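Just below is one structure, and these are the notes that go with it.
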Number of protein chains: 4
Amino acid sequence: MQNQTASLPVSDTESSARSAGRPRSEASRLAILDATRRLMTHTSVRDLSIEAIAKKAGVGKTTIYRWWPNKVAVVIEAFAEQLDMHMLTAGNETPSENLARQLDRLMRQLRGRNGKIIADLLAEAQSDAKVLEQFNQFYMQSRRNAFGQTILNGQKSGEFSEALNTEMAVDMILGPIFMRLMRQEAGLDEAFAAEYPVMAIHALSA
Amino acid sequence: MQNQTASLPVSDTESSARSAGRPRSEASRLAILDATRRLMTHTSVRDLSIEAIAKKAGVGKTTIYRWWPNKVAVVIEAFAEQLDMHMLTAGNETPSENLARQLDRLMRQLRGRNGKIIADLLAEAQSDAKVLEQFNQFYMQSRRNAFGQTILNGQKSGEFSEALNTEMAVDMILGPIFMRLMRQEAGLDEAFAAEYPVMAIHALSA
Amino acid sequence: MQNQTASLPVSDTESSARSAGRPRSEASRLAILDATRRLMTHTSVRDLSIEAIAKKAGVGKTTIYRWWPNKVAVVIEAFAEQLDMHMLTAGNETPSENLARQLDRLMRQLRGRNGKIIADLLAEAQSDAKVLEQFNQFYMQSRRNAFGQTILNGQKSGEFSEALNTEMAVDMILGPIFMRLMRQEAGLDEAFAAEYPVMAIHALSA
Amino acid sequence: MQNQTASLPVSDTESSARSAGRPRSEASRLAILDATRRLMTHTSVRDLSIEAIAKKAGVGKTTIYRWWPNKVAVVIEAFAEQLDMHMLTAGNETPSENLARQLDRLMRQLRGRNGKIIADLLAEAQSDAKVLEQFNQFYMQSRRNAFGQTILNGQKSGEFSEALNTEMAVDMILGPIFMRLMRQEAGLDEAFAAEYPVMAIHALSA
DNA sequence: AGGTAACCGAGACGGTACGTCACGTCTTTAC
DNA sequence: GTAAAGACGTGACGTACCGTCTCGGTTACCT
């Protein structure tokens, strides 16, 4: 994910073609995202309300409803930059090393507040197909792709077993992490974070 | 878990000690659980409301609040029998065979409506520590224990790697399944159900 | 009108028969009516909002919606006592004298704030048949009846023309008053109030 | 009233003096009035919204706000021709005959949809002094003047009582009609229309 | 047998948030 | 300068549930 938000046009760069009418207020947009971030320090996604965001942002509710389909979309955009993970398939690593580094980075990101937000979003997604779709597009799919690529590399290099289809391999790698995330208690603690990558690589090994 | 509901005293059998006053109405209890089950065929846990249950059951809201702390607890009790998995560590199987059978049984159970309910409960649990606790006690812990035992057996027999601590091994085995469950799309389809146990066993192998 | 409000049962005196459930809160009812009266000193019926009443009364909106179908009904009940006109067909007057006295009383009542409220209600009634019905039942019909009776008396006594059917006679007597009321400018001023009864009686005379 | 709209300058004929800039769009003006008329076949003045007019007319809201102070003004202009009553004080009639004919014409006009619109406007006027003023200028005053003139003629001819000041006489003649109009039920039915002029004349008679 | 205590249904209560509508204003581009 | 387009903050709508409360009535036990 290249940090493009869902609600802003992909590119305005030179097309001009500005349609008539008062343009969207960037100030309001920022106020909304900022208010969302601030509210999220004290409440869960579940307890967050559009009304509260509007009030805190000094903005009409309609302005929010005009640009985002639901509160999850607002949260996603509000945390887009923070949660965006630049999955550079760096340098001269072996696939195993690369996988370990990616896992490490993912778990580090899921510790603390961001992890709670991701867990909340995944939870919200369970009762609304559209939200699940949003969550996948914004967050999950790009992770899956990155890990999928690394696994494919490992299979080509012979490090990882050819027996696994990539989808399942990704589930096997990421499943335990999100399991821990949602278990909350204990969760993604230091011990787990230290041990898990080794085990994950072993699980994939040829 | 032997189908003991959280809200009924463990044993009434002969202990006497009956306190004064009108006793709890079994009829109401059953009506509530039944209404919950019927409502759940058309709505998610999220959309289920105490008010709807009370209305459908022909019962006062207070009666529900008196005996259950929240709607999740009602749902859990309503589906306790159906979701209870008798994890008999049967006969003369090897630990691998046993693990495969357990995984099979679990995935079969998580297909269809029950899977949705479990996913919903896990989702609900994300925004309420008490609910998470309930969910773990009612559902997750017993599964983890059963799988944990099997893994220990496998480690003793030498089939499974000693390198894994049991907790993490359970996460590695169950994580991918709940990952699929919550991804919904595709989900725990036939293909996954057929292939996964083999891969899981491979992942644990010494 | 005997000062029976629409929302309270006509008589609780001995019927008992209290239905189950928490009884209606008299305190809330009074708070709502009081808040309505206070708000009406500064705003028109049109600008009055249920939300403002609820807030000022310290009451949930639902409590209002539970007992009154719309804001006009609340206003009507709030001003029921003040606007109730005890139309005693007193003593040893001739019908003409009686008519003059009734007209006088009516106009006196329609001066000042109450007149504005009645005009507002009549206005509100124009866009909602149910409201018109409420207004007629609460206010207009009892006035019409009272005047109608007086006119009938006058026809029997020979003072008033037999040519008039009562309905039309009432329209002829009351129409000019409400016309003035709604014209607002000048309105029911002293001059009009002094002269009109004489003219009205002349209009009806045989 | 000779069909001069309030919002168009009385005369553009040759005065030149055209100010700079794009001139007012006659097409838009007509589209707005037309849309208003069409909307009014299905909704009351109360339920009519500027937004709906703008949308239906394919016009910006600002264009409406620029030229009319409120929706009542738009409605008034939209129905100006239809409601305009050419009050010719015709020929060789006696004042009584003339009065009867005027009453007849007025009541005929107030039957059907136009009556509802007038009632709505009068209602709207109750909560806004400016609107009342508009209504009087556009509609009520010209009627009052016409009837006032006829009454004066009748007083000069000796048919009508000198005791009445004209203003009050007009209220006495028109009041009952608008009373019926606003009562809605029964309203200005055939029976009333047939009988009322006779009674009105009697009421004014010397 | 009578009293006491906890239950039950019903349903009203003060709240919070929902998603929508229309208001009247403002800010663009286009003519 | 006017026009269409359409975004903006505001405020009210009527509804759904929340969890609590207050009734009249019921059903057990414990004197």
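Fair warning: this is a prediction, and the values are worked out from it, not measured in the lab. Chain letters run A, B, ... following the sequence lines, proteins first and then strands; every chain starts at 1.
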message = OP1 or OP2 of E:dC8 versus the side-chain N and O atoms of B:R66: is any pair under 4.0 Å?
response = yes
key: For the student: nearest non-hydrogen atoms of B:D120 and B:V45, plus distance   = OD2-N, 3.1 Å
Rounded interatomic separation in angstrom, taking CD1 from C:I64 and P from E:dA12 = 15 Å
request  = Round to the nearest Å and state the distance from A:E26 atom CD to E:dT28 atom P.
outcome  = 13 Å
ask   = Rounded to the Å, how far apart are A:L30 CG and F:dC8 P?
value = 12 Å
message = Distance check needed: E:dC18 C1' versus A:I53 CD1, whole Å only.
response = 13 Å
message = Is the phosphate of F:dC8 approached by A:W67 (side-chain N or O, under 4.0 Å from OP1 or OP2)?
response = yes
request  = Find the distance A:R46:CZ to F:dC18:C1' and express it as a whole number of Å.
outcome  = 12 Å
request  = Using a 4.0 Å cut-off on protein heavy atoms (strictly under), produce a 5'-to-3' string for nucleotides 20-27 of chain E with B for base contact, S for backbone-only sugar-phosphate contact, and - for none.
outcome  = BBBBBBBB
note = Of all heavy-atom pairs linking A:L33 and A:V74, the shortest is CD2-O, 3.9 Å
task = Map B:G60 and C:G60 onto DNA chain E by nearest heavy atom, then report which one ends up closer to the 5' terminus.
result = B:G60
note = B:K55 atom NZ is separated from F:dC17 atom C1', nearest whole Å, by 12 Å
task = To the nearest 0.5 angstrom, please state how far the CG atom of D:L39 sits from the NZ atom of D:K56.
result = 5.0 Å
ask   = Roughly how many Å is it from CZ in D:R29 to P in F:dA4, rounded to a whole number?
value = 14 Å
task = Establish, with yes or no, whether the OP1 or OP2 oxygen of F:dG9 is under 4.0 angstrom from a side-chain nitrogen or oxygen of A:T63.
result = yes
ask   = Do A:R29 and A:E26 meet the salt-bridge criterion of a basic N to acidic O distance under 4.0 Å?
value = yes
Atom pair CG (D:L121) and CD (C:Q126), whose distance is rounded to the nearest 0.5 Å = 11.0 Å
message = With rounding to the nearest 0.5 angstrom, report the CZ to CD1 distance, C:F135 to C:I118.
response = 5.0 Å
ask   = For C:S44 and C:K116, which heavy atoms make the closest approach, and how far apart are they?
value = CB-NZ, 4.2 Å
task = Write down the distance between CZ (C:R24) and C1' (F:dG24), rounded to a whole number of angstrom.
result = 20 Å
